[in-house]
Amino acid sequence: MEPSVPVKGLIETSFIDWKGALSSVLFLGGCNFRCPYCHNRDLVLDHINMEDIPMEYVLATLRKYKQWVDKVVVTGGEPTIHMNLYRFIGKLKSEGVRIKLDTNGSNPSMLKGLVNDGLVDYVAMDVKGPLDRYSRWCGINVDTRRIRESIDFLLDGSIDYEFRMTVVPFLHREEDVYETARHIRRGRRFFLQGFRPENTLKRSFGRVTPFLPEKLDRMRTRVGEIMESAEGVFETPVRQYGFPRPR
């Protein structure tokens, strides 16, 4: 029986979704957050009307590229809202690939289960901003105890990971970035990425002008001073919507 997880997008080969590696990328539909600046609007709000990509097509694609690609990124949307994610990732792992999970950290029990069962090899967790105002960044009321639990699990565990934050003018103050960095100061990697005003979930954010690169660089320098033992504070390309449909 095929795992019933809504795969809505597939990129066969990517150099930007797993730092330093070639990977395939799977986009799952649906999300429990409503971040107004989200750049994958359709995956969040209209995924029901998007075509599902069959599991057999996904597996056939992985086998087609297995000579060059042994890493798969499972992203969204938010993958951990899907109860069949265990079986889905287990099916992928049976192909001999390594798995990177992109998550907002709202389901720490699933995150822990996937990691502890050896189904995930790398975790990229979005941190939206300081926890005391988390709902401001997410567009809904958020149980921040769960976010904190996921952060602490990554900080204290053995799984390889990164934290990521998208910085949005008028929504984030510069101090919000530094406060977030102080909270995860023991973290290994912190990717500070600029906002992209295309296909935003709240359409008015499409008119927001991103921070200038010089300001983002200044923020990265300051964050690097705050972090205690990080390998570095990086910029990462933001994966936009418009991924290829299966042929």
Side-chain angles (χ1 to χ4, degrees), residues 1-31 40 43 47 50-126 150 153-154 157-164 188-189 191 193 231 234 236-247:
M1 182 177 176
E2 173 179 308
S4 57
V5 170
V7 180
K8 301 296 183 176
L10 167 61
I11 295 177
E12 296 167 342
T13 56
S14 166
F15 281 105
I16 72 171
D17 291 273
W18 192 320
K19 185 174 175 60
L22 182 64
S23 65
S24 296
V25 187
L26 302 176
F27 294 84
L28 307 189
C31 187
N40 278 334
L43 275 176
H47 61 96
M50 297 173 69
E51 178 185 1
D52 281 326
I53 299 177
M55 189 65 179
E56 56 264 27
Y57 181 89
V58 171
L59 297 178
T61 300
L62 297 183
R63 291 163 187 161
K64 175 182 177 182
Y65 289 94
K66 67 179 180 181
Q67 182 177 350
W68 305 280
V69 183
D70 65 349
K71 295 178 176 64
V72 176
V73 178
V74 178
T75 187
E78 172 52 40
T80 66
I81 66 173
H82 302 292
M83 295 307 298
N84 279 332
L85 189 63
Y86 282 96
R87 293 182 58 242
F88 177 75
I89 291 182
K91 194 76 171 177
L92 299 177
K93 288 289 282 185
S94 70
E95 297 295 316
V97 299
R98 293 171 59 82
I99 300 292
K100 175 189 172 201
L101 176 69
D102 289 352
T103 181
N104 60 25
S106 61
N107 192 341
S109 59
M110 179 173 284
L111 173 61
K112 292 177 182 180
L114 290 168
V115 171
N116 292 336
D117 288 346
L119 293 175
V120 170
D121 302 282
Y122 191 98
V123 176
M125 179 177 166
D126 289 314
S150 292
F153 173 69
L154 295 178
S158 58
I159 187 74
D160 204 6
Y161 68 90
E162 66 191 51
F163 293 112
R164 308 183 302 196
R188 296 178 190 171
R189 304 177 192 90
F191 287 78
Q193 54 197 29
E231 294 177 7
F234 307 97
T236 185
V238 178
R239 166 63 66 196
Q240 295 296 118
Y241 69 101
F243 30 78
R245 293 290 191 271
R247 292 184 292 274

I'd like to check K91 versus K93 (side-chain heavy atoms, cut-off strictly below 4.5 Å). Are they in contact?
no
Note, L92 side chain near V74 side chain (heavy atom, < 4.5 Å):
yes
Non-hydrogen atoms of D121 and R98 that approach each other most closely:
OD2-CA, 3.1 Å
How about F88 and Y86: are their ring centres within less than 6.0 Å of each other?
no
Looking only at heavy atoms, what is the nearest atom pair of R188 and I159, with distance?
NH1-O, 3.4 Å
Only pairs under 3.5 Å count here: list side-chain donor-acceptor contacts from residues 109-119, not counting sequence neighbours, and write none if there are none.
unit_1	atom_1	unit_2	atom_2	d
S109	OG	N107	OD1	3.0
K112	NZ	E149	OE2	2.7
N116	ND2	K112	O	3.1

Please report the interatomic distance CD(E12) to NZ(K64), rounded to the nearest 0.5 Å.
5.0 Å
So, are E95 and R63 salt-bridged, with charged N and O less than 4.0 Å apart?
yes
What's the separation between atom OG in S24 and atom CD1 in I11, rounded to the nearest 0.5 Å?
9.5 Å
Could you check whether any side-chain heavy atom of I53 comes within less than 4.5 Å of a side-chain heavy atom of V58, counting everything from C-beta outward?
yes
To the nearest 0.5 Å, what is the distance between CD on E162 and CG on D102?
7.5 Å
With side chains defined as the heavy atoms from C-beta onward, is the minimum distance between L62 and V72 less than 4.5 Å?
yes
Considering non-hydrogen atoms only, spot the tightest contact between C31 and I81 and give its length.
N-CD1, 3.7 Å
With distance as the sole test, does T75 use its side chain to make a donor-acceptor pair with the main-chain N or O of F27 at under 3.5 Å?
no
Closest heavy-atom contact between L43 and G77?
CD1-N, 3.9 Å
Tell me yes or no: between the side chains of T103 and E78, is some donor less than 3.5 Å from an acceptor?
yes
Under the 3.5 angstrom rule, does the side chain of K100 hit a backbone N or O of D17 as a donor-acceptor pair?
yes
Tell me whether K8 contacts the main-chain N or O of L28 through its side chain, where contact means a donor paired with an acceptor under 3.5 Å.
no
Contact between L154 and M125 at the side-chain level, heavy atoms closer than 4.5 Å - yes or no?
yes
Working to the nearest 0.5 Å, report the span between OG of S150 and CZ of F163.
9.0 Å
Checking side-chain contact (heavy atoms from CB on, under 4.5 Å) between P79 and each of L101, I89, V5, which is the one that passes?
L101
Beyond-backbone contact of M55 with Y57, side-chain heavy atoms, under 4.5 angstrom:
no
Who passes ring-ring contact (aromatic ring centres under 6.0 Å, His included) against Y122, sequence neighbours left out?
W18
